[in-house]
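Notes follow once the structure below has been shown.
Keep in mind the model is a prediction, meaning the values are calculated, not measured. The analysis underlying the following values was restricted to heavy atoms, covering all of them including side chains, and did not include hydrogens, waters or symmetry mates.
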Amino acid sequence: MKFNTKTIHGGQKHEEATGAVMTPIFQTSTYAQSSPGAHKGYEYSRAANPTRTALENAFAAIENGTHGFAFSSGLAAIDCVLRLLKPGDEVIAGDDLYGGTYRIFTKIYEKYGLKFQFVDMNEVDNVTTAISGKTKLVWIETPTNPLMKITDIAAIASSVKSIDSSILIAVDNTFATPFLQQPLELGSDIVMHSATKYLGGHSDIVMGALVVKDTTLAKELHFIQFAAGAIAGPMDSFLALRGIKTLHVRMQRHCENCEVVAKYLVKHPKIAEVYYPGFKNHPNHSIAKKQMKDFGGMVSFRLQDESKDAALKFLENTQVFTLAESLGGIESLVSHPITMTHASIPEAERLKIGITNSLIRLSVGIEDVNDLLNDLEQALRN
């Protein structure tokens, strides 16, 4: 199947008892057994639930994996990956990460003996130089949140594996989605999503996803999920499955609108800098063009006025863009990283990589693009 067909049919089958086209919501915790241990494939919904199974099959299909896992949140999915490691193991990660990822790395797992190095992944050598005999995981986020850096997944995966093939390569594919980028095809071992965002697409669920190809790795992840219990419920699984079925058409509009918005911003006299990988002068444009189908629905920018007050004034004046956490829904959202998504990162670390008072992040939705431009214009004017 081609991708657009996979989003609708990938890994799916009609419900056997009734022929229902859409997967039912199996709102049950347990399942009848004809004899102890004799059942129809389901025992208890922490281990598996038919609605969640259908969603996990869809995750695997759209990422070209063999096994998918649905979690109660994106951070629960990250937590599951980190539980593969043991005290003393080392992780190499990008220096521009979602604040929640940075928080779970440094505030939770450093206490349990994992060690983290944060490097600029624009250069492959920065990653390979950081590798030691204790390195077990390389964590890539691309495009990054919020500075829209692009990491060459294939180059890093190839270089790292040539040094030590046992090191796992994990990619947070939340911003790109499998519509734009397929990390497993580029050499990664694990793909992670905050399915809260584009996969769900309607700002009505909180969910995480992992997808892998390797069966042994899949068994390890499933055991951890089963033992720790951070599963997605059947209702949320149903909503995410419904969201995936329109992912391709939504992403097309997100990308189209974002390009128009980015071009508007870069010409505006009150804007100092725009972070958008679709621009030819973006330092990673050639990589983005090589590994992504399009450039996504996210754009960040800095105001000429670097004061926090100027940013807050703009943020409070938008009307179509909603000031809110999260991203990837059909509606356009605006956020202020230093006070919202990245507040948990120490100020010195934020400033070092360019997350300043005037940095603003847009999740460009699928509304009429002229309404979005008019809203930005009035917010910047006022």
Side-chain angles (χ1 to χ4, degrees), residues 95-103 143-149 174-175 194 196-198 203 253-279 281-282 295-382:
D95 61 357
D96 179 28
L97 290 175
Y98 165 56
T101 306
Y102 183 89
R103 182 176 57 236
T144 64
N145 181 6
L147 295 175
M148 307 305 295
K149 293 181 180 180
T174 300
F175 269 30
S194 173
T196 309
K197 281 58 173 195
Y198 286 109
S203 300
R253 179 60 63 86
H254 283 300
C255 292
E256 291 167 3
N257 281 359
C258 191
E259 182 180 6
V260 175
V261 166
K263 288 179 177 178
Y264 162 82
L265 290 170
V266 81
K267 294 178 181 178
H268 199 285
K270 289 189 176 181
I271 305 300
E273 189 170 7
V274 178
Y275 302 89
Y276 175 65
F279 289 151
N281 64 351
H282 185 286
F295 302 108
M298 301 296 299
V299 59
S300 298
F301 62 92
R302 286 191 303 107
L303 297 170
Q304 290 283 4
D305 186 338
E306 281 283 355
S307 69
K308 188 175 181 179
D309 287 344
L312 295 180
K313 184 179 179 182
F314 169 83
L315 293 161
E316 292 167 357
N317 282 333
T318 59
Q319 297 172 2
V320 180
F321 280 87
T322 300
L323 176 60
E325 299 270 1
S326 200
L327 60 104
I330 54 175
E331 69 289 316
S332 293
L333 301 178
V334 59
S335 70
H336 191 224
I338 71 163
T339 56
M340 298 169 77
T341 56
H342 289 67
S344 60
I345 298 178
E347 182 180 11
E349 295 298 318
R350 293 199 307 261
L351 293 175
K352 187 165 63 176
I353 63 173
I355 302 177
T356 62
N357 283 333
S358 72
L359 184 70
I360 292 166
R361 191 194 73 185
L362 301 180
S363 173
V364 181
I366 65 173
E367 303 95 337
D368 188 291
V369 73
N370 290 310
D371 289 329
L372 300 180
L373 297 180
N374 289 338
D375 189 37
L376 293 171
E377 180 62 31
Q378 68 81 23
L380 287 165
R381 183 174 61 248
N382 297 329

Which pairs count as ring pair (Phe, Tyr, Trp, His ring centres under 6.0 Å) when at least one residue sits in residues 310-335, sequence neighbours excluded?
F301-F314
Check whether D305 reaches the backbone of A310 with its side chain - one donor and one acceptor, N or O, closer than 3.5 Å.
no
Test your reading of the model: is there a side-chain donor-acceptor pair from K313 to the backbone of N382, 3.5 Å cut-off?
yes
Supply the atom-to-atom distance H268 NE2 to L373 CG, rounded to the nearest 0.5 angstrom.
10.5 Å
Nearest 0.5 angstrom please: L359 CG to S335 OG, how far?
8.5 Å
Scan N145, T101, T174 and name whichever one has a side-chain contact (heavy atoms from CB on, under 4.5 Å) with S194.
T174
Qualifying residue for side-chain contact (heavy atoms from CB on, under 4.5 Å) with V334, from L376, I360, V320:
I360
Shortest non-hydrogen contact from [X] toward [Y]:
X    : Y    : value
H342 : P146 : NE2-CD, 3.4 Å
C258 : G296 : CB-O, 3.3 Å
L147 : I353 : CD1-O, 2.9 Å
L333 : S326 : CD1-O, 3.6 Å
S203 : E331 : OG-OE2, 2.6 Å
M148 : H282 : O-NE2, 2.9 Å

Below 6.0 angstrom between ring centroids: does that apply to Y198 and H254?
yes
Are D95 and K149 close enough for a salt bridge, meaning some N to O gap below 4.0 Å?
yes
Quick one: list whatever passes salt bridge (charged side-chain N to carboxylate O under 4.0 Å, His left out) with E306, sequence neighbours left out.
R302
If we count only N and O atoms by modelled type, under 3.5 Å, do the side chains of Y276 and E259 hold a donor and an acceptor together?
no
Using the test side chain to side chain donor-acceptor pair (under 3.5 Å), find all partners of T322 that sit at least two apart in sequence or belong to another chain.
none
